[in-house]
Structures are given as structure tokens and as C-alpha cells.
Amino acid sequence: MRIQHSAAPLGAEITGLDLAQPVDSKTFQQIEDLLHDRGVIVFRGQDLTEEQHITFSRRFGDLEIHVATQCLRPGYPEILVVSNVIEDGKPIGLADAGQYWHSDLSYVRNPSRGSLLLAREVPVQDGRVLGETLFASAAYAYDTLPEGLKARLSTLTAVHGYGYRYELQNSAGLRGKLSDQQLSTVPDVHHPVIRRHPITGRKVLFVNEGFTHAMAGMDQAEGQALLQQLFDHITRPEALYRHNWQVGDLLMWDNCLVQHRAIRNYEWPMRRLMHRTTVAGVESFQ
Ligand code: OGA
Ligand code: MN
């Protein structure tokens with residue numbers, strides 16, 4: 001197994017490891033340490049069945065079943081299909097997942113520990129792969145805040161929600177509508193603005209454009225202005241890693257340490273097909 005860091009403050013690549021084979025505990029520890037250091041890692045050249053994808057993901061914890069049940073892989077509810085592919089007139093997955101900065105499942109009480117996204121088909125135009133994914137380090141964002149702002153933020157909590165974002169994304173009706181029953185499973189939640197990583201204790205700035213829609217107990221306009229200032233800080237160009245996909249990439253990210261955004265620079269009939277598993281996390285704390 002070879003490890004190479006990206007030039008950015010996050011991101012690393014692992015080659016020479018076949019995840020279809022069992023991973024011994026020493027190697028697994030190295031992987032976890034790398035994840036906690038770099039926030040996002042790519043395992044290149046993985047040819048995995050659904051079972052193998054799920055089995056490796058489970059090493060990190062229990063897996064979540066996504067609320068958008070119409071986008072789950074039939075027979076494998078742990079796998080969320082992220083795809084623009086249309087079959088029999090119907091989308092087979094989430095066609096427009098994450099085209100805004102976000103951290104997966106930050107809108108639930110126990111936000112996800114991490115996600116593992118496997119590239120099965122990627123759109124190619126003139127020899128170039130499109131549909132890149134951008135990552136920003138929330139840990140680096142915290143580290144580089146002015147001291148005064150760190151102190152001010154240390155007592156604040158923010159409000160995260162899924163329903164309003166889903167509707168924003170669904171204006172074209174591309175996704176099935178979420179039922180009231182589905183929506184009732186994702187009420188708004190509060191998280192500390194400065195959050196500690198549940199395993200390493202590292203501090204991160206835990207607000208994101210996608211799901212964080214207010215500062216708790218703060219005037220709406222004032223809260224929005226502060227949030228916008230933090231979003232801009234988190235996504236400064238120097239804090240970004242851009243993932244250029246290859247078929248067989250299994251990309252894993254830590255949803256506490258980083259946030260991400262999909263780039264939609266391709267259109268049907270170019271096909272993009274990704275499978276995601278989502279590892280459960282614990283309640284956030286300061
Ligand atoms: C996700 C996601 C981005 C992408 O699967 O959680 O945000 O580029 N995907 O597909
Ligand atoms: Mn996502």
C-alpha cells in the first residue's frame with residue numbers, strides 16, 4: 001500500500017490495496033489515521049461488488065439508510081445511488097446530489113462519521129473526466145480563524161435541516177417528492193458551531209451552506225451574515241481539494257473534518273453512476 005498526500009491541506013491517495021480482500025487490523029489502523037489526518041482519501045482501482053463495498057464500509061461503523069428511499073440500490077438499502085442515469089423514464093438515483101457545500105447528514109442529531117463513494121461510471125468529454133467533487137477542510141478553516149472570532153463562535157450553536165434544502169433542489173421536480181412521513185423523520189437539529197472531532201478531539205468549524213440555515217438565538221439577518229462569512233472562509237481556494245474521478249475510485253471522507261460539493265459540468269446522455277455508503281456517527285460536542 002502506497003500513500004501520497006495532495007498538495008492541499010486535505011486529501012490523500014492510496015494505491016496498491018485491494019479492498020475486495022480482507023484488510024488486516026494494522027492496515028485498517030493506518031487507513032483510519034490517514035483519514036483523521038487528511039479528511040478525504042481515495043482508494044484507486046477498486047473493483048467491488050455491492051457486498052464488498054458494504055463490508056469494507058462497516059469496518060468504520062453501522063451504516064445509515066438514506067431518507068430518500070426511492071434512490072436506494074434495490075436489494076442493498078445501505079447503498080444510496082448518486083446518478084444522473086434515467087431508466088424506463090425514471091431516475092435511478094439522486095440526480096443532483098450535493099451541488100452545494102455540505103457535510104452528509106449534518107441535519108440529523110448524530111451526523112454521519114463518514115461516507116464512501118464508489119465511482120462506477122464517469123462522464124468523459126474530449127478525454128477529460130467531468131463531474132469532479134470539491135472538498136474543503138473544516139479543521140483547517142477552524143485553525144485559520146482569527147482568535148477573536150474563535151472565542152465568539154465557541155458559545156454558539158447553529159440550526160441544520162434537510163427539508164428546505166430538498167425542496168430547493170427539487171424545483172425542477174427531478175427528484176421524487178419527499179412525503180410528509182419522510183420529512184417528519186428529519187426535523188431541524190442544533191449543533192455547536194465549533195465542534196470537536198468525536199475520535200481525535202480536533203476542533204472544526206461545523207456549519208455548511210447546504211443544511212445550516214440559522215444561528216440559534218440570533219436575529220435572522222445577523223445570523224445569515226455571520227454564516228455567509230464563515231462559508232466564505234471555509235471554501236477559500238487554498239483550503240480546497242478537487243477530486244478528479246476515475247472509474248474504480250473509492251473515495252472516503254470524514255464528515256466532521258471536511259465538507260464537499262458536486263460540480264455539475266456534464267449533462268445526460270453522458271452518464272455518471274456512483275454508489276454511496278454512509279457511516280453512522282455520534283452526537284456532536286464542543
Ligand atoms: C454525496 C455527494 C457529490 C458528487 O454522494 O454525498 O455529495 O460529486 N456527492 O457526487
Ligand atoms: Mn454529499
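As the structure lists them, so they are numbered: ligands from 1, and atoms in each ligand from 1.
- F60 and F28 have tilted rings, their planes meeting at an angle from 30° to 60° on a 0 to 90° scale.
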- Query: How far apart are the C-alpha atoms of S106 and N208, what are their side-chain angles, what is the distance that settles it, and do they pass the side-chain hydrogen bond (donor to acceptor under 3.5 Å, both in side chains) test?
  - Reply: CA-CA 8 Å; S106 83; N208 66 78; 3.0 Å; yes
Check ligand 1 for N or O atoms under 3.5 Å from a protein N or O and list each pair with its distance.
unit_1	atom_1	unit_2	atom_2	d
ligand 1	6 (O)	D104	OD1	3.1
ligand 1	6 (O)	D104	OD2	3.2
ligand 1	6 (O)	H260	NE2	3.4
ligand 1	6 (O)	R276	NH1	2.6
ligand 1	7 (O)	H102	NE2	3.1
ligand 1	7 (O)	H260	NE2	3.0
ligand 1	8 (O)	T133	OG1	2.6
ligand 1	8 (O)	R272	NH2	2.9
ligand 1	10 (O)	R272	NH1	2.9
ligand 1	10 (O)	R272	NH2	3.3

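- Aromatic pair F56/F43: ring centres closer than 6.0 Å.
- To the nearest 0.5 Å, the span separating OH on Y241 from CG on L10 amounts to 8.5 Å.
- The side-chain contact (heavy atoms from CB on, under 4.5 Å) search around E121 returns R271, L273, not counting sequence neighbours.
- For F211 and H160, the gap between ring centers reaches or exceeds 6.0 Å.
- The pair D249-R44 meets the salt-bridge criterion, with a side-chain N (NZ, NE, NH1 or NH2) lying under 4.0 Å from an Asp/Glu carboxylate O.
- For the pair E32 and R113, the salt-bridge criterion is met [side-chain N within less than 4.0 Å of a carboxylate O].
- Residues satisfying the ring-ring contact (aromatic ring centres under 6.0 Å, His included) test with W101, not counting sequence neighbours, are none.
- Around the Mn ion (ligand 2), the protein N, O or S atoms closer than 2.8 Å are H102 NE2, D104 OD1, H260 NE2, listed by chain and residue number.
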